Undergrad: 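Shown below is the structure under consideration.
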Amino acid sequence: LTSDDMSVLNVALIGSSGGGVATVGHTEARTLLTAVNQHLSLIRARLSHAIFITLHNGKSMDSAHQDADQASLAIIHQGKCEVILTDTLRKVNERAGLIQQHLAGELKDKNAIDALICISMDVSLFQDLLETAAIKTIPVTGSGGTSLAQA
């Protein structure tokens with residue numbers, strides 16, 4: 001942004017409560033997404049989209065079982081944050097995969113986002129969106145050592 005440009009940047013966030021994130025209190029998606037959005041507002045940006053997966057009971061993704069552990073999927077779309085699915089981690093991941101494909105399509109067609117934040121995300125789950133962001137030269141940042149290095 002230049003000093004003359006007063007537009008708000010649209011940022012997407014993708015990821016999960018992960019291994020380490022789960023231990024610092026970010027298993028509540030709304031709390032995390034609200035905090036990120038508040039910080040983004042300081043630089044004239046906002047979370048326009050989010051796809052965030054959390055495991056129940058504060059469990060770490062490092063020891064998760066796809067068919068045994070319960071998870072929730074929270075999204076932000078059109079300014080609203082909501083948990084849209086609570087089910088097994090496998091089913092939550094399947095839905096998240098479909099949503100990221102849709103967002104990748106929006107990014108290809110409409111330049112829907114200006115930047116992407118990745119938090120402890122499964123690279124294979126978000127592959128379409130990551131590839132589209134790379135093609136569109138969208139800035140990507142985040143946390144989650146192994147997953148971010150793979151991206």
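As the structure is a computational prediction, the values presented were derived from the model and not from experiment.
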Undergrad: Please name all residues satisfying side-chain hydrogen bond (donor to acceptor under 3.5 Å, both in side chains) with S41, sequence neighbours left out, ordered by chain then number.
TA: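 Once residues adjacent in sequence are excluded, S41 has no partner under the side-chain hydrogen bond (donor to acceptor under 3.5 Å, both in side chains) criterion.
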Undergrad: Do L89 and M61 have side chains that get closer than 4.5 Å, going by heavy atoms?
TA: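 Of all side-chain heavy-atom pairs linking M61 with L89, at least one is under 4.5 Å.
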Undergrad: Quick one: side-chain hydrogen bond (donor to acceptor under 3.5 Å, both in side chains) partners of T88, sequence neighbours excluded?
TA: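 T88 satisfies side-chain hydrogen bond (donor to acceptor under 3.5 Å, both in side chains) with no residue once adjacent residues are dropped.
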Undergrad: Say you draw a straight line from CG of L125 to OG of S16; how long is it, rounded to the nearest 0.5 Å?
TA: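 If I round to the nearest 0.5 Å, the distance is 9.0 Å.
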Undergrad: Excluding sequence neighbours, so at least two apart, what forms side-chain hydrogen bond (donor to acceptor under 3.5 Å, both in side chains) with H65?
TA: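 Applying side-chain hydrogen bond (donor to acceptor under 3.5 Å, both in side chains) to H65 gives none.
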Undergrad: When rounded to the nearest 0.5 angstrom, what distance separates OG in S120 from CZ in F52?
TA: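 It comes to 7.5 Å.
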Undergrad: Test of understanding: with side chain to side chain contact (heavy atoms under 4.5 Å, CB included), list the residues that count as partners of N37, not counting sequence neighbours.
TA: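 Expected list: R46, L47.
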Undergrad: Any idea which heavy atoms bring S63 and D69 closest together, and the distance?
TA: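 That closest heavy-atom pairing would be O-OD2, 4.1 Å.
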Undergrad: Tell me yes or no: between the side chains of S72 and T86, is some donor less than 3.5 Å from an acceptor?
TA: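 Indeed, the side chains of S72 and T86 share at least one donor-acceptor pair under 3.5 Å.
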Undergrad: Just jot down the salt bridge (Lys or Arg N to Asp or Glu O under 4.0 Å) partners of R90, sequence neighbours excluded, or say none.
TA: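 So R90 forms a salt bridge (Lys or Arg N to Asp or Glu O under 4.0 Å) with D67.
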Undergrad: Assess the residue pair I99 and H49 against the criterion (side chain to side chain contact (heavy atoms under 4.5 Å, CB included)); give the C-alpha distance rounded to whole Å, side-chain angles, the decisive distance to 0.1 Å, and a yes or no.
TA: CA-CA 10 Å; I99 294 169; H49 298 80; over 6 Å; no
Undergrad: So, taking the atom named CG in L73 and the one named CZ in R95, what distance separates them when rounded to the nearest 0.5 Å?
TA: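 One gets 7.0 Å once the value is rounded to the nearest 0.5 Å.
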Undergrad: Who are the side chain to side chain contact (heavy atoms under 4.5 Å, CB included) partners of A50, not counting sequence neighbours?
TA: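 A50 satisfies side chain to side chain contact (heavy atoms under 4.5 Å, CB included) with L13, L33, I76 once adjacent residues are dropped.
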Undergrad: For M121 and V123: C-alpha separation, side-chain torsions, deciding distance, then whether side chain to side chain contact (heavy atoms under 4.5 Å, CB included) applies.
TA: CA-CA 6 Å; M121 51 93 197; V123 173; 3.9 Å; yes
Undergrad: Partners of S48 by side-chain hydrogen bond (donor to acceptor under 3.5 Å, both in side chains), sequence neighbours excluded?
TA: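 With sequence neighbours excluded, S48 shows a side-chain hydrogen bond (donor to acceptor under 3.5 Å, both in side chains) to no residue whatsoever.
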Undergrad: In chain order, what residues pass the side chain to side chain contact (heavy atoms under 4.5 Å, CB included) check against H102, with sequence neighbours excluded?
TA: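 Result, side chain to side chain contact (heavy atoms under 4.5 Å, CB included) vs H102: E106.
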Undergrad: Test your reading of the model: is there a side-chain donor-acceptor pair from D114 to the backbone of V11, 3.5 Å cut-off?
TA: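 Here the side-chain-to-backbone pair does not exist.
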Undergrad: Same cluster or not: are I43 and I119 linked, directly or through other Ile, Leu, Val, Met, Phe, Trp or Tyr residues, by side-chain heavy atoms under 4.5 angstrom apart?
TA: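 Both belong to a single hydrophobic cluster.
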Undergrad: For E82, what residues pass the side chain to side chain contact (heavy atoms under 4.5 Å, CB included) criterion, not counting sequence neighbours?
TA: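 Here the qualifying residues are R30, I75, I84.
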Undergrad: Output a table of donor-acceptor pairs, distance under 3.5 Å, between side-chain atoms of residues 128-140 and any protein atom two or more places apart or on a different chain; print 'none' if there are none.
TA:
{"unit_1": "D128", "atom_1": "OD2", "unit_2": "Q100", "atom_2": "NE2", "d": "2.9"}
{"unit_1": "D128", "atom_1": "OD2", "unit_2": "Q101", "atom_2": "NE2", "d": "3.4"}
{"unit_1": "E131", "atom_1": "OE2", "unit_2": "Q127", "atom_2": "NE2", "d": "2.9"}
{"unit_1": "T132", "atom_1": "OG1", "unit_2": "D128", "atom_2": "O", "d": "2.9"}
{"unit_1": "K136", "atom_1": "NZ", "unit_2": "K108", "atom_2": "O", "d": "3.3"}
{"unit_1": "K136", "atom_1": "NZ", "unit_2": "N111", "atom_2": "OD1", "d": "3.0"}

Undergrad: Any heavy-atom pair between the side chains of I117 and I14 that's under 4.5 Å?
TA: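 A side-chain contact is absent here, since even the closest heavy-atom pair is not under 4.5 Å.
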Undergrad: Between CD of Q70 and OG1 of T54, what distance do you get to the nearest 0.5 Å?
TA: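 Rounded to the nearest 0.5 Å, the CD-OG1 separation comes out at 11.0 Å.
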